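The model shown is predicted, which means the values in this text are computed figures rather than measured ones.
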Amino acid sequence: IISSVFLLAINLVHFYLVRKVRMNGKKQASLFLTTTYPNTAFLGIPILTFFFQETGALLAAIFTIITAIFHFSFGVYFSNMYLKKSRSALAEVIKFPLLWGTVIALILSFFVQSAPEWTFQFSKSAIYLAPFVVGLAFKIGRIERSYIYGFALKFLVMPALLFAFLLLFELPAPQEIALLLLSALPPALTSTILAIRYRLDEKYAASITSYFTLIFLIIVFIISLIY
């Protein structure tokens with residue numbers, strides 16, 4: 001419940017704040033995606049498992065599922081709203097296959113004990129394919145002023161909003177720290193994939209993702225040495 005309410009709130013807050021940035025609609029949409037949705041799967045699960053063992057892995061897995069549903073629905077809708085009308089943006093959500101794939105997988109999980117072997121083989125291939133696609137879009141260039149704005153949204157506004165939500169609930173300290181860490185993860189690789197699919201500014205999205213991920217990994221490395 002906390003994750004769902006928080007993700008809905010951060011979508012609305014970021015959508016409004018990104019609109020205030022002076023840039024074209026494609027860049028606004030890319031900035032919204034990269035600052036709203038964290039890399040909970042590729043980075044969140046292993047990092048939280050390292051720091052919090054089974055509790056961290058479970059929290060990261062649940063947060064990843066909820067984030068994926070929001071990413072493929074609200075994320076697609078709001079990013080398209082920077083370029084299209086509401087009805088057209090909603091149509092893009094309805095037509096988006098990853099949303100329905102995630103929903104169907106969740107439904108099947110209640111009835112199927114184990115997935116077919118070919119699905120695991122496909123997943124392993126997809127894990128390497130996603131960074132490859134992002135790498136193709138990445139272009140090293142000068143750091144734009146909007147990166148600073150995006151950095152503030154991703155690493156300050158998002159954790160601060162979650163912290164405010166956590167004040168309303170009583171959770172064990174390790175769980176609160178784990179959720180705060182999840183909220184401060186760098187941008188999800190899927191956001192750049194969405195930027196490519198909807199012909200947004202994929203180079204801008206890939207660049208922000210790369211820079212923010214590098215900064216985050218350096219910080220985590222320093223923390224791990226202290227921890």
Asker: Give a yes-or-no answer on whether the side chains of Y204 and S146 include a donor-acceptor pair shorter than 3.5 Å.
Answerer: yes
Asker: Please report the interatomic distance OG1(T192) to CD1(I208), rounded to the nearest 0.5 Å.
Answerer: 9.0 Å
Asker: Quick test of your reading: applying salt bridge (Lys or Arg N to Asp or Glu O under 4.0 Å), list the pairs with at least one residue in residues 19-28, sequence neighbours left out, ordered by first then second residue.
Answerer: K27-E144
Asker: Do H71 and Y37 have ring centres separated by under 6.0 Å?
Answerer: yes
Asker: Would a line drawn from the ring center of F151 to the ring center of Y211 be shorter than 6.0 Å?
Answerer: no
Asker: Aromatic rings F78 and F74: how do their planes relate, parallel, tilted or perpendicular, breaks at 30° and 60°?
Answerer: parallel
Asker: Show your working on side chain to side chain contact (heavy atoms under 4.5 Å, CB included) between F6 and S183 and close with a plain yes or no.
Answerer: CA-CA 10 Å; F6 164 69; S183 70; 4.2 Å; yes
Asker: In terms of ring plane angle, is the pair F212 and Y147 parallel, tilted or perpendicular, where the classes change at 30° and 60°?
Answerer: perpendicular
Asker: Distance-only, no hydrogens or angles: does the T36 side chain make a donor-acceptor pair with backbone N or O of L33 under 3.5 Å?
Answerer: no
Asker: So for atom CZ, which belongs to F169, do other residues, nucleotides or ligands contribute more than 12 heavy atoms lying within a distance under 6.0 Å?
Answerer: yes
Asker: Return the set of residues passing salt bridge (charged side-chain N to carboxylate O under 4.0 Å, His left out) with K95 (not counting sequence neighbours), or none when no residue passes.
Answerer: E92
Asker: Below 4.5 Å, heavy atoms only, C-beta onward: do T67 and P38 meet side chain to side chain?
Answerer: yes
Asker: Do Y77 and S86 have side-chain atoms, one donor and one acceptor, less than 3.5 Å apart?
Answerer: yes
Asker: Working note: Q175 + L59, criterion side chain to side chain contact (heavy atoms under 4.5 Å, CB included); need CA distance, chi angles, decisive distance, verdict.
Answerer: CA-CA 8 Å; Q175 291 186 21; L59 281 173; 3.9 Å; yes
Asker: Counting N and O atoms only, with roles assigned by atom type, does the side chain of S88 sit under 3.5 Å from a partner on the main chain of K84, one being a donor and the other an acceptor?
Answerer: no
